[in-house]
Peer 1: 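Sharing a structure below in structure tokens format, with a few things to ask.
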Amino acid sequence: MNRTGLLVSGYRHDTGAHPESAKRLAALEDLFHDTDLHPHLLRLQPRAAEVDEISEVHDRLYVMQVKEACAGGVRALDPDTVISTESYEEARLAAGGVLAAMDAVMDGKVSNAFCAVRPPGHHAERDHAMGFCLFNNVAVAARYAQKKHGLEKILIADWDVHHGNGTQNAFYDDPSVLYFSIHQYPHYPGTGSRNQAGEGEGAGFTLNHPLPAGSGDREYLDAFENLLAPAADQFKPDLILISAGFDAHKDDPLAGMQVTEKGFSGMTECLARLAGKHAHGRIVSVLEGGYNLSALKKSVRAHLCALIGLKY
């Protein structure tokens, strides 16, 4: 059995009556006291990411613009991305929380970690917010792993139902990060076609697997076993980061996929196997989407069971 780190942050990011709300975290709290899971979980504490750490991925000017917008009472950075006065600090805690989880994994305090943080991150671009996201938590973590911990090769697996345009763009010309995304297509944000495969030295290190609406466990697990796993075996990552969006669930209101909890468990098991083979078991998983609260809770439970090594 693994000891899995658990980090929760983001209650003060007030988005009102929005699909991406603090109700998502509240729905998970009971789960974290589940009698089967609790003995294997270690609660981790977030810390605020430094501006310099965030600026490895985002323009410093943009970081300051987010700070000023929140302080000034601005209610939205774009039609989808709602903010409040506390959102800048919560976004720093979301990004920094993932870094704290990374430290716990690298120090051997836990085997792997799941970070239930908000605001989410994978749509955030270098110089602007997008799709509910302020700072790209996973991208910041990838650079931190390289700079702070000296890891060379990072695999980012993104199974959110929406393509992670911000993460893709952060590493599009970088051969040290293998970015894999499986997502509904065509769908928001419109990126993520198969021919988007990286450029320059990064050519071949972006691996997009778009799927039509209605795809489910079979299609997802086939892609993980027959597309991602061989690519990871060739790449040999030192760390696996997961953009763990659970909005491909069959009951999610913002998409049209048919994934079940068993699918999320199977994808996690595949990544855990790859991490054990190449990365000393090191996985840091970060919450992205998932907007049906019941489906989110069941899916995260399946994900945690697989990270711990419990039978779901």
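Residue numbers start at 1 and run along the sequence shown.
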Peer 1: Which pairs with one or both residues in residues 85-109 pass ring-ring contact (aromatic ring centres under 6.0 Å, His included), sequence neighbours excluded?
Peer 2: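 Qualifying pairs, neighbours excluded: none.
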
Peer 1: Between His209 and Tyr220, does the ring centroid distance fall short of 6.0 Å?
Peer 2: no

Peer 1: Any pair with a residue in residues 195-220 that passes salt bridge (charged side-chain N to carboxylate O under 4.0 Å, His left out), sequence neighbours left out, goes on the list, sorted by first then second residue, please.
Peer 2: none

Peer 1: What residue pairs, at least two apart or across chains, pass salt bridge (charged side-chain N to carboxylate O under 4.0 Å, His left out) with a residue in residues 168-183?
Peer 2: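 Listed by first then second residue: Arg143-Asp174.
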
Peer 1: Answer yes if the side chains of Asn195 and Ser193 hold a donor-acceptor pair under 3.5 Å, and no otherwise.
Peer 2: yes

Peer 1: Would you please say whether a donor-acceptor pair under 3.5 Å links the side chains of Ser176 and Gln146?
Peer 2: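 Short answer, yes.
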
Peer 1: In a check of salt bridge (Lys or Arg N to Asp or Glu O under 4.0 Å) between Glu86 and each of Arg12, Arg92, Lys67, which one passes?
Peer 2: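 Filter result, single survivor: Arg12.
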
Peer 1: List in chain and number order the residues that pass side chain to side chain donor-acceptor pair (under 3.5 Å) with Asn137, two or more places apart in sequence or in another chain; answer none if no residue qualifies.
Peer 2: none

Peer 1: Output the rest of the hydrophobic cluster of Leu254: all Ile, Leu, Val, Met, Phe, Trp and Tyr residues reachable through side-chain heavy-atom contacts under 4.5 Å, sorted by chain and number.
Peer 2: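 The other cluster members (ILVMFWY side chains, heavy atoms under 4.5 Å, direct or chained) are Phe132, Tyr291.
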
Peer 1: Show your working on ring-ring contact (aromatic ring centres under 6.0 Å, His included) between His163 and Tyr185 and close with a plain yes or no.
Peer 2: CA-CA 8 Å; His163 178 248; Tyr185 187 88; 8.4 Å; no

Peer 1: Which residues pass the ring pair (Phe, Tyr, Trp, His ring centres under 6.0 Å) test with His13, not counting sequence neighbours?
Peer 2: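 In terms of ring pair (Phe, Tyr, Trp, His ring centres under 6.0 Å), with neighbours along the sequence ignored, His13 is linked to no residue.
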
Peer 1: Check the side chains of Glu261 and His249 for a donor-acceptor pair under 3.5 angstrom, ignoring hydrogens and angles.
Peer 2: yes

Peer 1: Could you go through the side chain to side chain donor-acceptor pair (under 3.5 Å) check for Thr167 and Asn136 one step at a time?
Peer 2: CA-CA 7 Å; Thr167 310; Asn136 195 316; 3.1 Å; yes

Peer 1: Just wondering, do Asp30 and Lys297 contact through their side chains at under 4.5 Å, heavy atoms?
Peer 2: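 Yes, at least one pair of side-chain atoms sits under 4.5 Å.
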
Peer 1: Mind jotting down which residue pairs meet the salt bridge (charged side-chain N to carboxylate O under 4.0 Å, His left out) criterion with at least one end in residues 31-47? Sequence neighbours excluded, please.
Peer 2: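 Of all non-adjacent pairs touching residues 31-47, those that pass salt bridge (charged side-chain N to carboxylate O under 4.0 Å, His left out) are Glu29-Arg43, Asp34-Arg301, Asp36-Arg301, Arg47-Glu53.
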
Peer 1: Can you tell me which residue pairs pass the salt bridge (charged side-chain N to carboxylate O under 4.0 Å, His left out) test with a partner in residues 113-123, sequence neighbours excluded?
Peer 2: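 For residues 113-123, and leaving out neighbouring residues, the salt bridge (charged side-chain N to carboxylate O under 4.0 Å, His left out) pairs sorted by first residue read Glu20-Arg118.
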
Peer 1: Do Tyr172 and Gln196 come close enough that some side-chain heavy atom pair is under 4.5 Å?
Peer 2: yes

Peer 1: Taking all non-hydrogen atoms of both residues into account, name the closest pair between Arg75 and Ile83 and its distance.
Peer 2: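 That would be NH1-O, 2.8 Å.
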
Peer 1: Could you tell me if the ring centre of His38 sits under 6.0 Å from that of Phe32?
Peer 2: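 They do not qualify: ring centres at least 6.0 Å apart.
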
Peer 1: With side chains defined as the heavy atoms from C-beta onward, is the minimum distance between Met267 and Ile242 less than 4.5 Å?
Peer 2: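 Heavy-atom side-chain distance check fails, nothing below 4.5 Å.
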
Peer 1: Going by atom type alone, with no hydrogens or angles, which donor-acceptor pairs under 3.5 Å involve a side-chain atom of residues 153-160 and a protein atom two or more places apart or on another chain?
Peer 2:
| residue | atom | partner | partner atom | Å |
| --- | --- | --- | --- | --- |
| Lys153 | NZ | Phe235 | O | 2.6 |
| Asp158 | OD1 | Asp160 | N | 3.1 |
| Asp158 | OD2 | His122 | ND1 | 2.8 |
| Asp158 | OD2 | Tyr179 | OH | 2.8 |
| Trp159 | NE1 | Gly245 | O | 3.0 |
| Asp160 | OD1 | His162 | N | 2.8 |
| Asp160 | OD1 | His162 | ND1 | 3.3 |
| Asp160 | OD2 | Gly289 | N | 2.9 |

Peer 1: Among all residues two or more places apart in sequence or in another chain, which pass the side chain to side chain donor-acceptor pair (under 3.5 Å) test with Asp52?
Peer 2: Arg60

Peer 1: How would you list, by chain and number, every residue that makes a ring pair (Phe, Tyr, Trp, His ring centres under 6.0 Å) with His149, sequence neighbours excluded?
Peer 2: Tyr144

Peer 1: Write down the atom of Val63, the atom of Val51, and the distance for their closest heavy-atom approach.
Peer 2: CG1-CG1, 4.2 Å

Peer 1: Do Thr206 and Gln168 have side-chain atoms, one donor and one acceptor, less than 3.5 Å apart?
Peer 2: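 Looking only at side-chain atoms, Gln168 and Thr206 do not form any donor-acceptor pair under 3.5 Å.
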
Peer 1: Search all heavy atoms of His58 against all heavy atoms of Leu134 and return the closest pair with its distance.
Peer 2: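 It is CE1-O, 4.1 Å.
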
Peer 1: Apply side-chain contact (heavy atoms from CB on, under 4.5 Å) to the pair Leu239 and Ile283, showing each step before the final yes or no.
Peer 2: CA-CA 6 Å; Leu239 168 76; Ile283 293 176; over 6 Å; no

Peer 1: Output yes when a side-chain donor or acceptor of Asn2 lies under 3.5 Å from a complementary backbone atom of Ser111, and no otherwise.
Peer 2: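 The answer is no, because no donor-acceptor pair under 3.5 Å joins these two groups.
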
Peer 1: Taking atom types as modelled, find out whether Thr268 and Ser265 have a side-chain donor-acceptor pair closer than 3.5 angstrom.
Peer 2: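 Side chains of Thr268 and Ser265: no pair found under 3.5 Å.
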
Peer 1: Side chain to side chain donor-acceptor pair (under 3.5 Å) with Glu50: which residues, sequence neighbours excluded?
Peer 2: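 So Glu50 forms no side chain to side chain donor-acceptor pair (under 3.5 Å) with any residue.
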
Peer 1: Using the rule side-chain contact (heavy atoms from CB on, under 4.5 Å), only one of Gln184, His187, His183 pairs with Met257; which is it?
Peer 2: Gln184

